[in-house]
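Values in this document were obtained by computation on a predicted structure and should not be read as measured data. Counting starts at 1 for both ligands and their atoms, in listed order.
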Amino acid sequence: MTTLRPFSRRAHGFGQQPISELMRMALAQTELISLAAGFVDQATLPVEETQQALAAVFADATRGRAALQYGTNAGYLPLREAVLARLIAADGEYAGTRPHVDQVILTAGSNQMLHLVGEALLDPGDIVLCAAPTYFVFIGLLAGLSARAVGVAIDGDGMIPEALQETLERLKRSGERERVKAIYTTSYFENPSTVTLSRERRRQVVEIAKRHSADGHLYVIDDSAYRELRYSGPDLPSMRAFDETGETVIVAETFSKSFSPGIRVGWGVLPPELVGPLSGLKTSIDFGSPHLNQQLMSAVFEKGLFEPHLQVLRESYQAKMNAMLAALDDFMADVPGVRWQRPTGGLYVWLELPEGLDAGPGGRLIEHALAEGVLYVPGEYCYPGEGERARKDRIRLSFGVQSAENIRRGIEALARAVRQLL
Ligand SMILES: Cc1ncc(COP(=O)(O)O)c(C=O)c1O
């Protein structure tokens, strides 16, 4: 007889995430070319750089011992200073005051930062406005906190300010405005849509959040996970640069894409009043993310290993992106109703399929694609449960993991699967 296990409501809320289903499919068919996983390229992971940085940490026994000891809750100060200096240098001009190092907290990947921010801001039933589509792990995170994700329409320049404004007004009319705590956007090469929030829209979104804060404080979460993976065009300032009072924008960043996800160091730059609550939550979890990993990343900067590696990464990913775009041009360009944007960074291509074609997890395309030996992320996973309508006829393709040859074979297989359904 099975007895009911006394799991918390929260554990039920987190339940099965779409990512597990995709991983199951990929593992069940080993020959499969997976264009699904958002993993980074195995071939360019920085083995030698990591060896050198670790050697630097352990070259001095005192430093080595310190690195093997507990660190601080906020993380290793020299690394916090390094990431902040990098942010400030990249952002250039700030509308108001620059962030201070006390506002920087290191976490185990930026997912931990997003999670802590969720925990610090959201009670069950609270709302986060998200670009539609958005990072599906974040949608799962909100569901786990029993919070609501409401989708806001995007176009080629990212979240549409008028749509954001309308959504806030609609929620005000329905008496739900005070439940809205934050606006979430991956402002560089959005996962999955690949669009980058334009400079003007960065300013507008921050301005809308500030204006609507009269009805209850609204934060903007600027998830900058892909900022470093730009392959062409000039960098844009983070949304923090447009936050005159520094009270609105939370920046979440990570070394997962720009160096190594296995090292698992991410960070947040927080408005001052959020530092206390978030630090308290973090103390109750781990009183500091792995110290050795932070020392290691700090040594990567000290030894000047970061920038050259980033250059290698950018070149390698750009070549893979071009391989995917060329394969799409060759195999998909003449399929009616199929369209894609040409990204300038990130790890993905977002494919629009013929209107109404069901590419969802239970749909026909995934069956045909698996039979042809290729896997993608159903776009449907990436839409918040409310607001902008979810599209089943969109898919996310990643060029991060596979070789250029496999990317080409994968796109050819996908094109066969799509044509079978037309
Ligand atoms: C948009 C976005 N944010 C955050 C993350 C989390 O990265 P990590 O927790 O490894 O720092 C990812 C990873 O794929 C991502 O795509």
Option with minimal heavy-atom separation from atom 8 (P) of ligand 1, where the choices are Pro192, Ala37, Ser256: Ser256
Cut-off 3.5 Å, side chains only: do Asn73 and Thr283 have a donor facing an acceptor? yes
Count the heavy atoms belonging to other residues, nucleotides or ligands that lie under 6.0 Å from CZ of Arg63, then report whether that count exceeds 12. yes
Polar atom proximity, Thr254 to ligand 1 (N or O, under 3.5 Å): yes
Under the 3.5 angstrom rule, does the side chain of Gln294 hit a backbone N or O of Ser289 as a donor-acceptor pair? yes
If we ignore angles and hydrogens, is there a donor and acceptor under 3.5 Å between the side chains of Gln311 and Glu307? no
Please classify the Lys257 to ligand 1 contact at 4.0 Å (heavy-atom distances, strictly less than): side chain, backbone, both or neither. side chain
Measuring from the heavy atoms of Gln112, does anything fall under 4.0 Å of ligand 1? no
Quick check: Asn191 and ligand 1, any N/O pair under 3.5 Å apart? yes
Any Arg264 heavy atom less than 4.0 Å to ligand 1: yes
Would you mind checking which non-hydrogen protein atom is closest to atom 7 (O) of ligand 1, with the distance to 0.1 Å? Ser110 OG, 3.4 Å
Would a distance-only check, ignoring hydrogens and angles, find a side-chain to backbone donor-acceptor pair under 3.5 Å from Asp126 to Ala147? no
Counting non-hydrogen protein atoms only, what is the nearest one to atom 1 (C) of ligand 1? Give residue, atom name and distance. Asp223 OD2, 3.5 Å
Test item: side-chain donor near acceptor, Gln402 and Arg409, under 3.5 Å: no
For atom 6 (C) of ligand 1, the closest protein heavy atom turns out to be Asn111 ND2, 3.2 Å
Closer than 3.5 angstrom, by distance alone: can the side chain of Thr50 be matched with the main-chain N or O of Pro46 as a donor-acceptor pair? yes
For atom 16 (O) of ligand 1, what is the closest protein heavy atom, and at what distance to 0.1 Å? Tyr226 OH, 2.6 Å
Near Thr186 (heavy-atom distance under 4.0 Å), the atoms of ligand 1 are 1 (C)
Any chance the side chains of Tyr184 and Asp223 put a donor and an acceptor closer than 3.5 Å? yes
Using heavy-atom distances, let me know which of Phe138, Phe255, Tyr135 sits nearest atom 2 (C) of ligand 1. Tyr135
Is the shortest side-chain heavy-atom distance between Glu207 and Arg211 below 4.5 Å? yes
Just heavy atoms, cut-off under 4.0 Å: does Ala225 contact ligand 1 by side chain, backbone, both, or neither? side chain
